Asks: 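Take a look at this one; I'll ask things after.
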2 protein chains.
Amino acid sequence: MNNNYELYKVFYWAAKTGSLTQAAKALYITQPSVSHAIKQLEDSFGLTLFYRNPKGVALTQEGAILYSYIEQSQILISTAEEKMAALKNLDSGELRIGGSDSLFKHYILPYLEDYHRLYPGVRLHLNHGTTPEVISFLKEGRIDLGVVRMPIVDPQLEVRESLQLQDCFVAGAHYAELRGMVLSLDKLLEYPVILFSRNSRARMAITELFQSYGITLKPEIEVGSVDLLIELARKGLGISYVTREFVSKELENGSLFEIQLDVALPPSHVGIMTMRNMPLSSSAGKFIELMRLI
Amino acid sequence: MNNNYELYKVFYWAAKTGSLTQAAKALYITQPSVSHAIKQLEDSFGLTLFYRNPKGVALTQEGAILYSYIEQSQILISTAEEKMAALKNLDSGELRIGGSDSLFKHYILPYLEDYHRLYPGVRLHLNHGTTPEVISFLKEGRIDLGVVRMPIVDPQLEVRESLQLQDCFVAGAHYAELRGMVLSLDKLLEYPVILFSRNSRARMAITELFQSYGITLKPEIEVGSVDLLIELARKGLGISYVTREFVSKELENGSLFEIQLDVALPPSHVGIMTMRNMPLSSSAGKFIELMRLI
DNA sequence: ATTGTTCATAGACGTGGTCTATAGCTCCTG
DNA sequence: CAGGAGCTATAGACCACGTCTATGAACAAT
């Protein structure tokens, strides 16, 4: 009774077509093989499954009972195989990405659009959060990949550097007097500074930089959205510390200008983060491939 | 993608136990075999199905989707195998018998009782009808076996002679004067004769016998039930032509007595009839075996 | 009769699934 | 930190078993 499940495939086709010869054709094997397989099944059960007629075969009572189960089973397997093929060529499946809202909006979005156009069958899930939150999501298996600011030092994670960003201080028309000037850090602090919320990686980086010059950076305003940072600077409420690439539009149309400093601000890097030693889902793999390609 | 379904069995156990080693134990094969099988599946799909951890394996997104189908499929197969085993040792299944009411009542019933006691899981279906009807039932596959009067001459059918019966004429107290007398056929016909309905095999046989002596047998009363034949004879409405074995009780307690004739009435044979060249269901096979045994 | 179906049987062949042996890895423990 | 005990992956050998070809037997149709 310890059957080879392969026999059920043969049984299924024999019952379905009502002919061992037809079953053989469907399975691309010869009729004696089918005959032999059916015999094996019958012997293993100690039951006769088919009536053999000169014009084919017909299920016996017992065979019909077996078929009622095996038919369902085979249909499930076929469906599963189709599903797998669909997952393979990304006709279905899902892609779950973690990252910050600003990175989604200013960096990932165009890739997502391309990706969605190429693979409309793949459902997209975006989970926003801070860098440590995104790392948690990843480790919990709630996302396939995270897009965050480097550096990330975690042996469990594999990080691909994908983009270099340059943070800078920007101001609006209200501080037009500063346009073209080169400020020292001390001088800068005479103006109200607007920073992103405390637990962001960019905020930590700039705070450390000032610290290294012995200066304590204390913001006038603290917000949780990059859009607000930009908006507040434009309205003249202070000088915002933002990623230059994310305000390129405003810099171009002159609604914001960059404050020149007498020290170099360190560039920041964005990385695509995945679990090390864990295979990527094909949807995630294709997405990363697409990001590096463009 | 033309997969060996055997691989799904391995996949199922690997996913279920979360360990290739455990799956190997469940399947009574070695761990490298399991490893190899999973690899084959993954290669065939072009997808990774498991995360390999140092403490076992876990399904990937894609693997989990596959599992949702395969699990159902495997459960169906297991259920089917259990069902087959149950059918084999007659814990389930059905037995469909065709025959006349009188044969059921007087001949088959005791065997049915034994059978039901031995295999209470087998559902019994009794289909009553005349001999030609029973033959039709059999050929249409509505019954597994028929119990009818012989002779049956049909190349499609296989008939096992199972019982010899002796028909005879019986009367009740009203005709007590005939007790011990030996009657000629002519003399018999001076009394009202009660026969079974025209289309029965027993009726045809006795009509032919009279015909062979140049006598036309015309019954006074014609009924469709053996019980009625007996009852009418007991009430004195005439002389009934019945199967002696079916009135043994009445002959013993004296409510009926057999009319002696000066010619021998031919014995009739009961046969168990099945389709030739068609395998018996195990339930039917066991029943026939039981009938011959006792 | 002849031809064309069907399934069953016999025997040969060769692939592929299973095995053993071993390595690499991580985690735990003394 | 070394050693042991898990786990899975890999390599290579072997032989069972599933497939094949060839043929037979039974039946249906022409």
Side-chain angles (χ1 to χ4, degrees), chain A residues 1-44 47-60 63 139 154-158 275-279, chain B residues 1-44 47-60 63 139 154-158 275-279:
Chain A
M1 171 58 101
N2 208 4
N3 265 330
N4 186 326
Y5 283 15
E6 197 68 2
L7 298 179
Y8 292 123
K9 181 158 51 174
V10 179
F11 169 77
Y12 172 67
W13 283 99
K16 184 176 173 157
T17 61
S19 154
L20 303 195
T21 306
Q22 291 306 310
K25 284 178 185 166
L27 294 163
Y28 302 105
I29 56 177
T30 59
Q31 169 268 317
S33 297
V34 174
S35 205
H36 184 229
I38 299 299
K39 190 166 194 54
Q40 271 190 289
L41 255 193
E42 290 184 326
D43 289 350
S44 79
L47 294 170
T48 306
L49 299 172
F50 288 102
Y51 299 120
R52 273 75 164 179
N53 305 314
K55 45 179 61 174
V57 295
L59 288 167
T60 62
K139 291 188 179 175
D154 190 317
Q156 285 188 58
L157 302 179
E158 180 166 348
M275 292 297 285
R276 186 181 299 280
N277 298 332
M278 282 227 180
Chain B
M1 171 58 102
N2 209 7
N3 264 332
N4 186 326
Y5 282 16
E6 197 68 1
L7 298 179
Y8 292 123
K9 182 160 47 176
V10 180
F11 169 78
Y12 172 67
W13 283 99
K16 185 175 172 156
T17 60
S19 153
L20 303 196
T21 305
Q22 290 309 310
K25 282 177 186 163
L27 294 163
Y28 301 104
I29 57 178
T30 60
Q31 169 268 318
S33 298
V34 174
S35 205
H36 184 229
I38 298 299
K39 189 166 195 52
Q40 271 190 290
L41 255 194
E42 290 184 326
D43 288 350
S44 81
L47 295 170
T48 307
L49 299 172
F50 288 102
Y51 299 120
R52 274 74 163 179
N53 305 314
K55 45 179 59 175
V57 296
L59 288 167
T60 61
K139 291 188 178 175
D154 190 319
Q156 285 188 58
L157 301 179
E158 179 166 349
M275 292 295 286
R276 185 181 299 281
N277 298 330
M278 282 225 181

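The shown structure was predicted, so the numbers you read here are calculated from the model rather than taken from an experiment. Below, chains carry the letters A, B, ... as their sequence lines are ordered, and counting in each starts from 1.
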Asks: Does C/dC19 have OP1 or OP2 sitting under 4.0 Å from an N or O in the side chain of B/S33?
Replies: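 Affirmative; the distance criterion is met.
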Asks: What nucleotide among C/dA8, C/dC19, D/dA9 has an atom nearest to a side-chain atom of B/L20?
Replies: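 Out of C/dA8, C/dC19, D/dA9, the nucleotide with an atom closest to B/L20's side chain is D/dA9.
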Asks: Tell me: CD of A/Q40 to C1' of D/dA16, nearest whole Å?
Replies: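 Value for this atom pair: 12 Å.
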Asks: I need the CD-P distance between A/Q31 and D/dG18, as an integer number of Å.
Replies: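 In whole Å, D/dG18 P and A/Q31 CD are 17 Å from each other.
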Asks: Using the closest heavy atom to pick a nucleotide of DNA chain C for each, name whichever of B/P54 or A/G56 lands nearer the 5' end.
Replies: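 The residue whose closest nucleotide sits nearer the 5' end is A/G56.
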Asks: In whole Å, I'd like the distance from the NZ atom of B/K55 to the P atom of C/dC25.
Replies: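 Roughly 19 Å, once rounded to whole Å.
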Asks: Once you round to the nearest 0.5 Å, how far does NZ of A/K139 lie from CE of A/M278?
Replies: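 Separation between the atoms: 11.0 Å.
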Asks: Could you check how far CD of A/E6 sits from P of C/dG16, rounded to whole Å?
Replies: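 For the pair A/E6 CD and C/dG16 P, the rounded distance is 12 Å.
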Asks: Taking only N and O in the side chain of B/T21, is any of them less than 4.0 Å away from OP1 or OP2 of D/dG6?
Replies: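 The answer is no; no side-chain N or O of B/T21 sits under 4.0 Å from OP1 or OP2.
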Asks: Whole Å only: how far is the NE2 atom of A/H36 from the P atom of C/dC7?
Replies: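 Spelled out: NE2 on A/H36 to P on C/dC7 is 17 Å.
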Asks: As a test of reading the structure: which of D/dT19, C/dA8, D/dA9 is closest to the side chain of A/I29, going by heavy atoms?
Replies: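 For the A/I29 side chain, the nearest candidate turns out to be D/dT19.
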Asks: May I ask you to evaluate whether A/R52 reaches the phosphate of C/dA8, defined as a side-chain N or O under 4.0 Å from OP1 or OP2?
Replies: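 So the side chain of A/R52 is within the cut-off, an N or O lying under 4.0 Å from OP1 or OP2 of C/dA8.
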Asks: Which distance, rounded to the nearest 0.5 Å, do you find between the CG of B/D43 and the OG1 of B/T48?
Replies: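 Nearest 0.5 Å value for the CG-OG1 distance: 9.0 Å.
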Asks: DNA chain D: B/K39 or B/Q22, which has the more 5' nearest nucleotide?
Replies: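 The residue whose closest nucleotide sits nearer the 5' end is B/Q22.
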Asks: Would you say C/dC7 has OP1 or OP2 under 4.0 Å from some side-chain N or O of A/S19?
Replies: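 Result: yes.
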Asks: At under 4.0 Å between heavy atoms, what does B/T30 touch on the DNA or RNA strands: base, sugar-phosphate, or nothing?
Replies: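 Base: the residue B/T30, judged by heavy atoms under 4.0 Å, touches a nucleobase.
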Asks: In whole angstrom, give the distance that lies between atom CH2 of B/W13 and atom C1' of D/dT8.
Replies: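 Whole-Å distance recorded here is 20 Å.
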Asks: Would you give the length of the straight line joining atom CZ of B/F11 to atom CG of B/L59, rounded to the nearest 0.5 angstrom?
Replies: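 So the CZ of B/F11 and the CG of B/L59 are separated by 5.0 Å.
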Asks: In whole angstroms, how far is the P atom of D/dG18 from the OH atom of B/Y5?
Replies: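 My rounded result for the distance is 17 Å.
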Asks: Rounded to whole angstrom units, what separation is found between the CZ atom of A/R276 and the C1' atom of C/dC25?
Replies: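 Between C1' of C/dC25 and CZ of A/R276: 15 Å.
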Asks: May I ask you to say whether A/K9 pairs ionically with A/E6, meaning some side-chain N is under 4.0 Å from a carboxylate O?
Replies: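 Here A/K9 pairs with A/E6 in a salt bridge, since their nearest N and O are under 4.0 Å apart.
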Asks: So which heavy atom on A/P279 is nearest to which on B/F50, and how close?
Replies: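 Looking at all heavy atoms of both residues, the shortest contact is CG-O, 4.0 Å.
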